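By convention here, the first residue in the shown sequence is residue 1. Predicted model, so just to flag it, every value in this text is computed and none were measured.
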Amino acid sequence: MDFARQQRDPTRHVIGIAFVILIHVAVIWALMTGLGQKVIEVVKKPLDATIIDTIKPPPPPPPPPPPPPKKMIEPPPKVIEQPYVPPPEVPPPVMAPPPVIANVAPTPPPEPVVIAPPPPPVVIAPPAPPKPAIRQGVSCMKQDKPSFPREAIRAQVQKGRVNAILTIDEKGNVTEVQIASADPPRVFDRVVRDTLAEWKCVGEGVKYKASVEINFTLKDE
């Protein structure tokens with residue numbers, strides 16, 4: 001019998017339908033008699049969980065103590081025998097001859113100690129005072145006096161005064177003439193510069209400055 005014919009056999013279909021009907025009838029009967037309600041109550045009951053402790057093995061025994069250290073036995077020190085050295089022969093003491101007593105000459109008296117007089121005190125001369133930056137006055141071999149300028153005569157100036165500062169080099173030459181003050185101003189400046197620039201002063205080996213005052217009077221001309 002092939003598979004197609006087995007599928008078309010009505011007897012197999014009837015048996016399957018009857019089995020399904022029996023299952024439905026059993027379920028309905030269980031519900032009606034209360035058997036299903038008991039099954040549900042049994043399912044709803046809480047489940048008791050029991051925790052079983054595992055038995056722990058006992059701890060291992062402690063390790064045995066280490067053996068004591070071995071004592072080092074030091075060997076006895078070696079005794080070095082020194083060779084016998086005989087003591088040196090000591091010669092018998094020599095008796096010194098008795099001292100000869102000679103005539104003792106009298107000791108001359110000591111000479112008197114002559115104390116030399118102390119040296120004279122050293123007198124230290126005080127240091128020379130420092131020279132001022134600008135000296136008052138100057139010593140010059142050539143020292144011509146400036147003449148009264150004609151411009152001052154025409155301006156009816158009768159007298160005047162000029163303070164000038166000279167710069168003198170190592171040899172005594174006047175290298176610069178500066179007008180510090182003038183009364184009246186700018187009247188005698190040019191003639192003072194021209195005249196004082198020709199002065200020949202004492203040279204000191206270093207440069208220095210000196211202040212010079214020049215007075216002008218028309219009556220002296």
Measuring from atom [atom1] of [X] to atom [atom2] of [Y], what distance do you get when rounded to the nearest 0.5 angstrom?
{"X": "Cys201", "Y": "Leu166", "atom1": "SG", "atom2": "CG", "result": "6.5 Å"}
{"X": "Lys145", "Y": "Thr195", "atom1": "NZ", "atom2": "OG1", "result": "11.5 Å"}
{"X": "Asp189", "Y": "Asp194", "atom1": "CG", "atom2": "CG", "result": "11.0 Å"}

Taking all heavy atoms of [X] and all of [Y], pick out the closest pair and write down the distance.
{"X": "Gly160", "Y": "Phe188", "result": "CA-CE1, 3.5 Å"}
{"X": "Val177", "Y": "Ala197", "result": "CG2-N, 4.0 Å"}
{"X": "Ala210", "Y": "Gly137", "result": "CB-O, 3.7 Å"}
{"X": "Pro149", "Y": "Val187", "result": "CG-O, 4.1 Å"}
{"X": "Asp144", "Y": "Lys142", "result": "OD2-CE, 3.7 Å"}

Student check: side-chain heavy atoms of [X] and [Y] closer than 4.5 Å:
{"X": "Lys200", "Y": "Asn173", "answer": "yes"}
{"X": "Ile179", "Y": "Val162", "answer": "yes"}
{"X": "Ile214", "Y": "Pro146", "answer": "yes"}
{"X": "Tyr208", "Y": "Val138", "answer": "yes"}

- Message: For the NZ atom on Lys209, are there more than 12 heavy atoms of other groups (residues, nucleotides or ligands in this structure) within a distance under 6.0 Å?
- Response: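 Check fails, neighbour count at 12 or below.
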
- Query: Is a side-chain donor or acceptor of Thr175 paired with a backbone partner of Thr167 at a separation under 3.5 angstrom?
  - Reply: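 Yes; judged by distance alone, with no hydrogens or angles, the pair exists.
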
- Task: Decide, yes or no, whether a salt bridge links Arg135 with Glu204 under the criterion of side-chain N to carboxylate O below 4.0 Å.
- Result: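 Judged by the 4.0 Å cut-off on N to carboxylate O distance, Arg135 and Glu204 do form a salt bridge.
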
- Please walk me through it: do Met141 and Val202 pass side chain to side chain contact (heavy atoms under 4.5 Å, CB included)? CA-CA 7 Å; Met141 290 81 70; Val202 177; 4.0 Å; yes

- Message: Can you list, by chain and residue number, the hydrophobic cluster partners of Ile165 when the side-chain cut-off is 4.5 Å?
- Response: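 ILVMFWY cluster around Ile165 also holds Ile134.
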
- Message: If only side-chain N and O atoms count, and only distance matters, is there a donor-acceptor pair under 3.5 Å linking Lys159 with Asn215?
- Response: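 Note: Asn215 and Lys159 side chains miss the donor-acceptor criterion.
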
- Item | Cluster overlap Val25 with Ile17, hydrophobic side-chain contacts below 4.5 Å |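 Looking at the clustering, Ile17 is in the same group as Val25.
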
- Query: Are Leu218 and Val191 connected in the hydrophobic side-chain network, where two residues link if heavy atoms are under 4.5 Å apart?
  - Reply: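 Linked within one cluster.
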
- Decide side chain to side chain donor-acceptor pair (under 3.5 Å) for Ser181 and Asn163; before the verdict, give the C-alpha distance in whole Å, the side-chain angles of both, and the deciding distance to 0.1 Å. CA-CA 5 Å; Ser181 62; Asn163 285 330; 3.1 Å; yes

- Sort and list the pairs that fulfil salt bridge (charged side-chain N to carboxylate O under 4.0 Å, His left out) and have at least one residue in residues 168-184, not counting sequence neighbours.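 Sorted pair list comes back empty.
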
Under 3.5 Å, sequence neighbours excluded: what are the donor-acceptor pairs made by side chains of residues 150-157?
{"from": "Glu151", "atom 1": "OE2", "to": "Arg190", "atom 2": "NH2", "distance (Å)": "3.4"}

- Between Arg161 and Phe216, is NZ or CZ placed under 6.0 angstrom from the six-membered ring centre and within 45° of the ring axis?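 Output no; distance or angle outside limits.
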
